[in-house]
Chemist: 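Let me give you the structure first, and then I'll get to my questions.
Counting starts at 1 for both ligands and their atoms, following the listed order. Nothing fancy with the numbering, it's 1 onward along the sequence.
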Amino acid sequence: MKINVIIIDKKGKDQLYTPLIEHYKKIAKPFAKVEVIELFDKEIAKAHDISPEAAKKSYTKAFEKYLSNGINIALDPSSKEVDSFDFANLLKDSTTVNFYIGGAYGFEKDFLTKCNKAVSFGKITLSHKLVKLVLLEQIFRGLSINNNHPYHK
Ligand SMILES: C[S@@+](CC[C@H](N)C(=O)[O-])C[C@H]1O[C@@H](n2cnc3c(N)ncnc32)[C@H](O)[C@@H]1O
């Protein structure tokens, strides 16, 4: 199966999170190919200087081309909270699963309605880099649950 983590973020490897992200991608390999897709362009940078609404619109524009393939799940703090078993079930719905992590201003409502689901990791707001790491760990945990791997005890 293919899992895409699509995030509004500048490309580039930071020393802090990248080794762990790569670790989870590697250990998930027997079950799924996990790819992290970072999106940030001049249009998003410019929109940030205009208004939160313009910024959210620019995120939607960047995300939209990925919506056509597979199941689409937005990570949104104010949506339905999931536990690790609910999360594992999301990975059973399709052979391609796209997860979306919003930018500094979250998502446009319109984008959330275009996704199949929106889920929350709790009411706290995590930085997008930290959310990416938590998501990668939960993807591996979910794959472990679905494949009876002993990681999830
Ligand atoms: C810095 S946060 C943006 C905060 C923004 N004010 C909002 O309400 O979404 C960047 C992204 O991280 C993700 N995120 C942060 N905390 C989260 C949580 N508790 N559960 C799910 N996703 C979260 C969301 O995708 C969010 O758009």
Chemist: Distance under 4.0 Å to a non-hydrogen atom of Asp76: what atoms of ligand 1 satisfy this?
Modeler: 21 (C), 22 (N)
Chemist: Nearest to atom 24 (C) of ligand 1, what protein heavy atom do you find, and at what distance?
Modeler: Leu75 O, 3.0 Å
Chemist: So, Phe111 versus Tyr100, ring centres under 6.0 angstrom or not?
Modeler: yes
Chemist: Backbone N or O of Asn72 within a donor-acceptor pair of the Asn116 side chain at under 3.5 Å?
Modeler: yes
Chemist: To which protein heavy atom is atom 8 (O) of ligand 1 closest, and what is the distance rounded to 0.1 Å?
Modeler: Pro77 CG, 4.3 Å
Chemist: State, without any angle test, whether Tyr24 and Gln138 hold a side-chain donor-acceptor pair at a distance under 3.5 Å.
Modeler: no
Chemist: Give the atom numbers and elements of ligand 1 that come within less than 4.0 Å of a heavy atom of Thr125.
Modeler: 4 (C), 16 (N)
Chemist: Among all protein heavy atoms, pick out the one at the shortest distance from atom 9 (O) of ligand 1; state its residue, atom name and that distance to 0.1 Å.
Modeler: Gly106 CA, 3.4 Å
Chemist: Can you pull out the closest protein heavy atom to atom 21 (C) of ligand 1? Residue, atom name and distance to 0.1 Å, please.
Modeler: Phe121 N, 3.5 Å
Chemist: How far is atom 2 (S) of ligand 1 from its nearest protein heavy atom, and which residue and atom is that?
Modeler: Leu126 O, 3.6 Å
Chemist: So do the side chains of His149 and Leu143 get within less than 4.5 Å of each other, counting heavy atoms only?
Modeler: no
Chemist: Any idea which protein heavy atom is nearest atom 19 (N) of ligand 1, and the distance to it?
Modeler: Ile124 O, 2.6 Å
Chemist: Could you tell me the separation between the CG atom of Leu67 and the CG atom of Asn98, rounded to the nearest 0.5 Å?
Modeler: 7.5 Å
Chemist: Which atoms of ligand 1 are found less than 4.0 Å from any heavy atom of Gly103?
Modeler: 3 (C), 10 (C), 27 (O)
Chemist: Looking only at the aromatic ring of each residue, does the gap between the centers of Phe140 and His23 stay below 6.0 angstrom?
Modeler: no
Chemist: Between Arg141 and Glu137, is there a side-chain heavy-atom distance shorter than 4.5 Å?
Modeler: yes
Chemist: With under 30° as parallel and over 60° as perpendicular, where do the rings of His48 and Tyr59 fit, or are they tilted in between?
Modeler: perpendicular
Chemist: With a cut-off of 4.0 Å, which atoms of ligand 1 are near a heavy atom of Phe107?
Modeler: 25 (O), 27 (O)
Chemist: According to salt bridge (charged side-chain N to carboxylate O under 4.0 Å, His left out), does anything in residues 48-57 pair up with another residue at least two apart or in another chain? List the pairs.
Modeler: Lys57-Glu108
Chemist: Under 4.0 Å from ligand 1, counting heavy atoms only, is it the side chain of Ile101, its backbone, both or neither?
Modeler: both
Chemist: Quick test: of every protein heavy atom, which one is nearest to atom 6 (N) of ligand 1, and how far off is it to 0.1 Å?
Modeler: Ala104 O, 4.0 Å
Chemist: Any idea which protein heavy atom is nearest atom 26 (C) of ligand 1, and the distance to it?
Modeler: Gly102 N, 3.9 Å
